[in-house]
Amino acid sequence: MTDTDPRLEAMMSKMEIQEVLMRYGRGVDRADEEMLKSCYFEDATEEHGSAYAGPAHAYIEGAVVRIRQMGTMAHYICNIHIELDGDLAYVEAYVLTSVRFRKDEKDFDTLTGGRICDRFERRSGAWKLAHRKLAFDWNRDTPSQEGWCLGMFDPADPGMIMGRKDKEDLSYKRF
């Protein structure tokens, strides 16, 4: 960067990092491989609990296939703490994840709380993920009981826009 006020530079860096985190949440919920990969450097590492440890881009490629087969999904990125250290940043962000899974011919909704702990790097002026580890704090699995606000909303109505895991989702439309 240029000779800007260090506070302004720190604020800009933190905003750029937060934008990457929000883009990640959107990318995973829409199963958008290109968007997800844009959050990570090509040599980044992903440690996703007991499910995966290795190159982040390879994780994304496998995860997108699985995500498209899962039920509804939503990732909520909450409290974000960023410690800047030059071209490095250490980031902790709380995350709530809601996912519908199918097991034994029954639907279950799972709500998981945890934290994504990241090392971001700024390379060629761009902040991206270099290494991610997850800390799982709690989980709640329950049989699915979808009632759409006790019948207030009707998913079968043509005016009801349902979320999708592809580029036909409303978030890609411009109206």
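Starting from 1, each residue takes its place in the sequence as its number. Fair warning: this is a prediction, and the values are worked out from it, not measured in the lab.
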Determine, for [X] against [Y], whether the closest basic-nitrogen to carboxylate-oxygen distance falls under 4.0 angstrom.
{"X": "Arg164", "Y": "Asp29", "result": "no"}
{"X": "Glu33", "Y": "Lys37", "result": "yes"}
{"X": "Lys173", "Y": "Glu168", "result": "yes"}
{"X": "Arg122", "Y": "Glu9", "result": "yes"}
{"X": "Asp5", "Y": "Arg7", "result": "yes"}

Nearest 0.5 Å, please: how far is [atom2] in [Y] from [atom1] in [X]?
{"X": "Arg26", "Y": "Leu36", "atom1": "CZ", "atom2": "CG", "answer": "11.0 Å"}
{"X": "His57", "Y": "Phe41", "atom1": "NE2", "atom2": "CZ", "answer": "10.0 Å"}
{"X": "Tyr76", "Y": "Leu111", "atom1": "OH", "atom2": "CG", "answer": "9.0 Å"}
{"X": "Met73", "Y": "Met70", "atom1": "CE", "atom2": "CE", "answer": "4.5 Å"}

- Message: I need the full list of salt bridge (Lys or Arg N to Asp or Glu O under 4.0 Å) pairs touching residues 137-151, with sequence neighbours left out, sorted by first then second residue.
- Response: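 Output for this query lists Arg100-Glu146, Arg115-Asp137.
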- So, His131 and Glu46: side-chain donor and acceptor under 3.5 Å apart, yes or no?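 No, because no side-chain N or O of His131 sits under 3.5 Å from a partner of the opposite role on Glu46.
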- Task: Tell me yes or no: between the side chains of Thr110 and Asn139, is some donor less than 3.5 Å from an acceptor?
- Result: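 Asn139 and Thr110 do have a side-chain donor-acceptor pair below 3.5 Å.
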- Task: Step through the shown structure and confirm whether more than 12 heavy atoms of other residues, nucleotides or ligands are within 6.0 Å of CE on Met15.
- Result: no
Closer than 3.5 angstrom, by distance alone: can the side chain of [X] be matched with the main-chain N or O of [Y] as a donor-acceptor pair?
{"X": "Lys165", "Y": "Val28", "value": "no"}
{"X": "Lys106", "Y": "Pro143", "value": "no"}
{"X": "Asp85", "Y": "Leu88", "value": "no"}

- Between Ile80 and Val91, is any pair of side-chain heavy atoms under 4.5 Å apart? yes
- Query: Tell me, do Leu96 and Thr112 make a side-chain contact under 4.5 Å, heavy atoms counted?
  - Reply: no
- Query: Taking the hydrophobic residues Ile, Leu, Val, Met, Phe, Trp and Tyr, and joining any pair whose side-chain heavy atoms are under 4.5 Å apart, which ones share a cluster with Ile161?
  - Reply: Leu170, Phe175
- Message: Which label fits Tyr59 and Tyr52: parallel for a plane angle under 30°, tilted from 30 to 60°, or perpendicular past 60°?
- Response: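 Ring orientation of Tyr59 relative to Tyr52: tilted.
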- Query: Hey, which of Lys128, Lys133, Arg132 is the one that makes salt bridge (Lys or Arg N to Asp or Glu O under 4.0 Å) with Asp118?
  - Reply: Arg132
- Could you go through the side chain to side chain contact (heavy atoms under 4.5 Å, CB included) check for Tyr172 and Arg30 one step at a time? CA-CA 10 Å; Tyr172 292 92; Arg30 301 286 66 82; 3.6 Å; yes
- Message: Apply salt bridge (charged side-chain N to carboxylate O under 4.0 Å, His left out) to residues Arg119 and Glu121 and explain how you reach the verdict.
- Response: CA-CA 7 Å; Arg119 186 183 79 238; Glu121 294 178 8; 3.0 Å; yes
